[in-house]
Novice: 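My questions all concern the structure below.
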Amino acid sequence: MRYLESTLRRSPRTVNAYYVDLRIFLRFMVRYQQQIDKEIPDSELAIHDLDTTFWTSNYADLLEYTIYLKNERNNSRATNCRKVSSIKGFFRYLTKMGKISDDPSKELDLPKPARSLPKYLSLEESLELLKDIQSDFYEREYCMLTLFLNCGMRLSELVGMDLGDIDMEQRQVRLFGKGHKERMVYLNDACKEALQIYLNKRNTMEGLNPKERAVFITRRRKERISNRRVEQLVTGAMKAAGLRGFSTHKLRHTAATLMYQTGNVDILTLKQLLGHSSVGTTQIYTHLQEFQVRAAIEQNPLGEVKKASLDTTSKETGESKGEF
């Protein structure tokens with residue numbers, strides 16, 4: 001865990017996800033190798049005193065683990081993929097550090113994740129969301145939604161913004177994404193106006209510590225707002241606008257989709273704007289366009305015209321077969 005956080009610079013949330021995945025894996029292996037009765041709960045299985053011989057697992061053992069994830073834990077394909085990725089990373093670490101001589105997971109294939117089109121708001125729904133904000137701190141909520149919908153920020157990026165990251169004169173904001181990667185995002189007129197309105201309100205709040213660096217703060221404690229609180233506020237705004245089944249991350253999808261479809265943005269520019277490490281992640285939005293092209297062709301009124309309906313001459317008599 002320390003190696004992930006200090007050397008690979010993974011976020012605390014990612015490190016915790018690895019911890020949970022590895023704990024599940026180790027408990028399974030203890031039960032599987034020692035043939036422990038299933039009635040004994042996982043929480044009672046000791047995994048803190050495993051010796052070196054325990055790590056000489058073989059491919060068959062790991063395959064049993066993947067079967068366990070699918071059949072007994074009923075994990076989704078995406079969850080299985082992450083858990084297998086966790087143990088492959090773990091065994092690479094053990095090999096690199098000389099704890100084991102051979103990596104038993106190197107032949108273990110990652111489950112192929114399901115590729116689904118991102119869910120997003122239409123332009124009309126986005127406008128409705130911005131119109132129907134009902135809040136005691138309207139300026140803050142309006143600003144957050146505007147930034148999400150225009151800049152495609154991640155939740156953690158918006159929450160982590162400091163006052164020093166904003167440059168109104170240059171119309172840009174500095175964001176820190178996954179892996180502490182830094183990027184600059186341009187502020188259009190809507191974002192600049194929303195930020196100015198909110199910051200005027202924020203900076204005149206009674207009881208605010210002048211040293212508070214966070215851009216978005218809570219109304220009562222005057223401290224940096226949490227990820228969870230932003231999610232609650234966005235969910236509330238969605239419900240007020242009559243939108244169901246959307247999350248905060250879907251606003252990021254919305255921004256990317258609207259820019260790609262209507263802003264003449266190429267895929268490499270969109271990759272940089274969203275802070276993706278690989279263009280493969282960004283290509284889901286090109287798949288979205290292909291889906292829409294297919295739908296447009298299907299909706300063509302000539303799409304239902306069959307050859308038989310055009311053939312007005314009888315093969316046998318040469319007489320008309322009726323109206324088209």
Side-chain angles (χ1 to χ4, degrees), residues 120-177 181-205 208-219 222-225 227 229-231 233-234 236-238 240-241 246 248-266 268-276 285:
Y120 63 95
L121 277 67
S122 66
L123 177 59
E124 292 74 18
E125 289 172 330
S126 300
L127 292 172
E128 203 64 32
L129 177 61
L130 292 172
K131 287 179 182 177
D132 291 335
I133 298 172
Q134 301 173 16
S135 170
D136 295 334
F137 203 162
Y138 173 85
E139 296 85 355
R140 180 187 62 186
E141 271 78 297
Y142 177 79
C143 185
M144 291 193 299
L145 290 173
T146 299
L147 292 177
F148 277 136
L149 289 169
N150 282 274
C151 300
M153 294 181 181
R154 296 182 178 93
L155 173 61
S156 59
E157 292 171 345
L158 180 133
V159 170
M161 284 173 54
D162 288 336
L163 295 175
D165 297 329
I166 301 173
D167 187 339
M168 286 295 193
E169 185 176 344
Q170 297 296 322
R171 299 170 69 98
Q172 59 188 14
V173 59
R174 179 174 55 187
L175 300 178
F176 293 91
K181 294 178 182 177
E182 178 182 335
R183 74 180 189 280
M184 303 299 293
V185 173
Y186 176 76
L187 298 173
N188 58 21
D189 290 341
C191 293
K192 184 177 179 181
E193 180 193 50
L195 271 169
Q196 287 175 333
I197 293 173
Y198 165 66
L199 290 176
N200 288 339
K201 178 75 172 181
R202 174 201 182 279
N203 295 337
T204 57
M205 292 176 66
L208 175 64
N209 186 341
K211 295 183 180 180
E212 178 57 62
R213 299 183 304 160
V215 173
F216 293 103
I217 58 176
T218 57
R219 187 164 56 90
K222 315 293 189 303
E223 61 186 14
R224 188 183 301 273
I225 198 168
N227 289 19
R229 182 56 182 153
V230 173
E231 289 176 331
L233 293 171
V234 170
M238 294 278 195
F246 292 97
T248 304
H249 197 68
K250 299 301 183 291
L251 300 183
R252 175 170 160 87
H253 286 322
T254 299
T257 302
L258 293 179
M259 284 186 283
Y260 187 73
Q261 291 179 349
T262 63
N264 296 320
V265 179
D266 65 81
L268 293 178
T269 301
L270 191 62
K271 168 186 174 293
Q272 181 177 350
L273 191 150
L274 295 175
H276 288 159
Y285 299 105

Novice: Hey, what do you get for CG (L175) to SG (C151), rounding to the nearest 0.5 Å?
Specialist: 7.5 Å
Novice: Is any side-chain heavy atom of N209 closer than 4.5 Å to one of K222?
Specialist: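 Side chain of K222 against side chain of N209, heavy atoms only: no contact under 4.5 Å found.
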Novice: Identify all side-chain donor-acceptor contacts of residues 128-138 below 3.5 Å with residues at least two apart in sequence or on another chain.
Specialist:
residue	atom	partner	partner atom	Å
S135	OG	F137	N	2.9
S135	OG	E141	OE2	2.3

Novice: Name all residues meeting the side-chain contact (heavy atoms from CB on, under 4.5 Å) criterion together with A214; count only those two or more places apart in sequence or in a different chain, and write none if there are none.
Specialist: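 Expected list: E212, I217, R224.
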Novice: For K250, which residues count as a side-chain contact (heavy atoms from CB on, under 4.5 Å) partner, sequence neighbours excluded?
Specialist: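 Expected list: K119, F246, S247, H253.
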Novice: Name all residues meeting the side-chain hydrogen bond (donor to acceptor under 3.5 Å, both in side chains) criterion together with R171; count only those two or more places apart in sequence or in a different chain, and write none if there are none.
Specialist: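 Applying side-chain hydrogen bond (donor to acceptor under 3.5 Å, both in side chains) to R171 gives Y186, D189.
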Novice: Run the side-chain contact (heavy atoms from CB on, under 4.5 Å) test against E193 and tell me which residues pass, sequence neighbours left out.
Specialist: I197
Novice: Please name the pair of heavy atoms, one in N200 and one in T204, separated by the smallest distance, quoted to 0.1 Å.
Specialist: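 Closest approach of N200 to T204, heavy atoms only: O-OG1, 3.0 Å.
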Novice: I need the full list of side-chain hydrogen bond (donor to acceptor under 3.5 Å, both in side chains) pairs touching residues 142-151, with sequence neighbours left out, sorted by first then second residue.
Specialist: N150-N188
Novice: M168 vs K192, test: side chain to side chain contact (heavy atoms under 4.5 Å, CB included). Steps then yes/no.
Specialist: CA-CA 7 Å; M168 286 295 193; K192 184 177 179 181; 3.9 Å; yes
Novice: Using 0.5 Å steps for rounding, measure from the CD atom of Q172 to the CE atom of M184.
Specialist: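 Interatomic distance, Q172 CD to M184 CE, rounded to 0.5 Å: 3.5 Å.
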Novice: Looking at every non-hydrogen atom in both residues, tell me the closest pair between F148 and M153 and how far apart they are.
Specialist: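 Scanning both residues, the minimum pair turns out to be CD2-O, 3.6 Å.
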Novice: So, do V185 and R183 sit near enough that their side-chain heavy atoms are less than 4.5 Å apart?
Specialist: yes
Novice: For the CG atom of L199 and the CG atom of L163, what is their distance to the nearest 0.5 Å?
Specialist: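 One gets 6.5 Å once the value is rounded to the nearest 0.5 Å.
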Novice: Which heavy atom of L149 sits nearest a heavy atom of L251, and at what distance?
Specialist: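 Looking at all heavy atoms of both residues, the closest pair is CD2-CD2, 3.8 Å.
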Novice: Where the side chain of D165 meets the backbone of D162, is there a donor-acceptor pair that is under 3.5 Å apart?
Specialist: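 Here the side-chain-to-backbone pair exists.
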Novice: Are there more than 12 heavy atoms of other residues, nucleotides or ligands under 6.0 Å from atom CZ of R213?
Specialist: no
Novice: Using the test side-chain contact (heavy atoms from CB on, under 4.5 Å), find all partners of F216 that sit at least two apart in sequence or belong to another chain.
Specialist: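 With sequence neighbours excluded, F216 shows a side-chain contact (heavy atoms from CB on, under 4.5 Å) to R140, C143, M144, L147, L158, M161, Y198, I225, given in chain and number order.
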Novice: Under the side-chain hydrogen bond (donor to acceptor under 3.5 Å, both in side chains) test, which residues partner R229, sequence neighbours left out?
Specialist: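 Per chain and number, R229 pairs via side-chain hydrogen bond (donor to acceptor under 3.5 Å, both in side chains) with Q232.
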Novice: Minimum heavy-atom separation for L123 and L258, please, with both atom names.
Specialist: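 Closest approach of L123 to L258, heavy atoms only: N-CD2, 4.2 Å.
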Novice: Would you please name every residue forming a side-chain hydrogen bond (donor to acceptor under 3.5 Å, both in side chains) with E223, sequence neighbours left out?
Specialist: none
